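Everything on this sheet refers to the single structure shown next.
Heads up: numbering here begins at 1 and tracks the sequence. In this text the structure is predicted, and so the values were computed from the model without any measurement. First listed ligand is number 1; within each ligand, the first listed atom is number 1.
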Amino acid sequence: MQSTTSFISPRNFKITLSPAVRQMADTGAFRRPPSAFRNFVSRDPASTFPAESGRYHLYISYACPWATRCLAYLKVKGLEKAISFSSVKPIWGRTKETDDHMGWVFPTSSTEEPGAEPDHLNGAKSARELYELASTNYTGRYTVPILWDKKVKTIVNNESSEIIRMLNAEFNDIAENPALDLYPVHLQSQIDKVNEWVYDDINNGVYKCGLAEKQEPYEEAANKLYQALDKCEDILSKNRYICGDSQTEADIRLFATLIRFDEVYAVHFKCNKKLLREYPNLFNYTKDIFQIPGMSSTVIMKHIKDHYYGSHPFINPFGIVPLGPHTDYSSPHDREKMSS
Ligand SMILES: N[C@@H](CCC(=O)N[C@@H](CS)C(=O)NCC(=O)O)C(=O)O
């Protein structure tokens, strides 16, 4: 594990960088490293990780867009009885007394931080402890989501894009909504194509804007972000959803970033060239997805704001959380007009 580093910025500030978020190229551009645990749950009962009811637990943070897209699948597929879940606290804390690593920690009681719960399964104090339980020589980041196998006591997978595929298809024998297929065969290549640019330029694009350490990579990321948002606006002026007239995985993935946009990314990550609420179609679309039954429960805005503004002291040294804008995503939208 790397330790915290400090340096003097070009503007003469002393900046202390947490290795948890500092994944930088020499150019000053942010680069997200690949996830390490990549096993798959299968509906085949003979497989190493069979899709058994009660066997798996999803560790999330309500703050995290990658983790909450997995939670969205638990909700829309009706998997809450089959797969338990819990959230860490929103603001990163010390994960060990013997070093200065900052990361996801659990509360000590269920009243300490509404929405977050102590780790009843393993008694872990931090996500880091779960990674250490799963592997003795793990050296990567201690990220959420974590799909945990209670039987083998290990991490099955910590890559959200793969976890959502498993939740979509492999648990259908025990899901309450097995007919919902968010990655149908006839749309797969279209979904894959949309995911690619939405991930690079929007989901990860906002991080590239916010975590850039030089002006040039920031501007490059911001320009790509706004080109991609304009492209979404155009698609959504003709279609109700991003891949046409039915909801797909690509909508859940895009939504996780859009719902955080005006509240956090516009300020904290310097994505302020245009706000979400200035895009009529994207804004109404975000409300439309928010209002899909189950989706609103994946959004705890207090966790989202407290996390970003409170866990990156090198961006926001005083941890001040801006008051606005408190957009009401449950208010009426006009997206029905797109459905014939
Ligand atoms: N590739 C991962 C990325 C997950 C990720 O980066 N999660 C962040 C929170 S938004 C995290 O847990 N960071 C903790 C750290 O870096 O220590 C996924 O999509 O599942």
(message) Quick check: Y199 with W66 (ring centres under 6.0 Å apart)?
(response) yes
(message) So if I count the atoms of ligand 1 from 1 in the order they appear, which ones are less than 4.0 Å from some heavy atom of W92?
(response) 13 (N), 14 (C)
(request) Go through ligand 1 atom by atom and flag the ones less than 4.0 Å from a non-hydrogen atom of S160. (result) 18 (C), 19 (O), 20 (O)
(request) Give yes or no for whether the N/O distance cutoff of 3.5 Å, strictly under, is met between R69 and ligand 1. (result) no
(message) Checking side-chain polar atoms at under 3.5 Å, does S331 have a donor or acceptor matched by the opposite partner on K287?
(response) yes
(request) Assess whether side chain to side chain contact (heavy atoms under 4.5 Å, CB included) is satisfied between E80 and F85, documenting all intermediate values. (result) CA-CA 8 Å; E80 277 179 278; F85 76 92; 4.0 Å; yes
(request) Tell me, please: is F37 in heavy-atom contact with ligand 1, that is, under 4.0 Å? (result) no
(request) Verify the ring-centre separation between F269 and F261: is it less than 6.0 angstrom? (result) no
(message) With heavy-atom distances below 4.0 Å as the criterion, list the atoms of ligand 1 near Y142.
(response) 14 (C), 17 (O)
(request) Taking the six-membered ring for Trp and the single ring otherwise, decide whether the centroids of H101 and Y142 are under 6.0 Å apart. (result) yes
(message) Is the contact between R141 and ligand 1 made by the side chain, the backbone, both, or neither, using heavy atoms and a 4.0 Å cut-off?
(response) side chain
(message) When you measure from the heavy atoms of M102 to every atom of ligand 1, does any distance fall below 4.0 Å?
(response) no
(request) State the atoms of ligand 1, each with its element, that fall below the 4.0 Å cut-off from a heavy-atom position in S35. (result) 1 (N), 2 (C)
(request) Mark up the atoms of ligand 1 that fall under 4.0 Å of a heavy atom belonging to P145, in ascending order. (result) 20 (O)
(request) Just jot down the ligand 1 atoms closer than 4.0 angstrom to any heavy atom of V144, in number order. (result) 4 (C), 5 (C), 7 (N), 12 (O)
(message) Can you give me the closest heavy-atom contact between R335 and D288, atom names plus distance?
(response) CB-OD2, 3.2 Å
(request) Go through ligand 1 atom by atom and flag the ones less than 4.0 Å from a non-hydrogen atom of Y207. (result) 10 (S)
(request) Classify the side-chain pair Y308/Y265 by whether it contains a donor and acceptor separated by less than 3.5 Å. (result) yes
(message) Tell me whether the NZ or CZ atom of R32 lies within the 45° cone about the ring axis of Y207 and under 6.0 Å from its centre.
(response) yes
(message) I need the atoms of ligand 1 closer than 4.0 Å to a non-hydrogen atom of N158, numbered in the order shown.
(response) 20 (O)
(message) According to a hydrophobic-cluster definition based on side-chain heavy atoms being under 4.5 Å apart (Ile, Leu, Val, Met, Phe, Trp, Tyr only), do L187 and L254 belong together?
(response) no
(message) I want to know if ligand 1 touches W104 in the polar sense, i.e. an N/O pair below 3.5 angstrom.
(response) yes
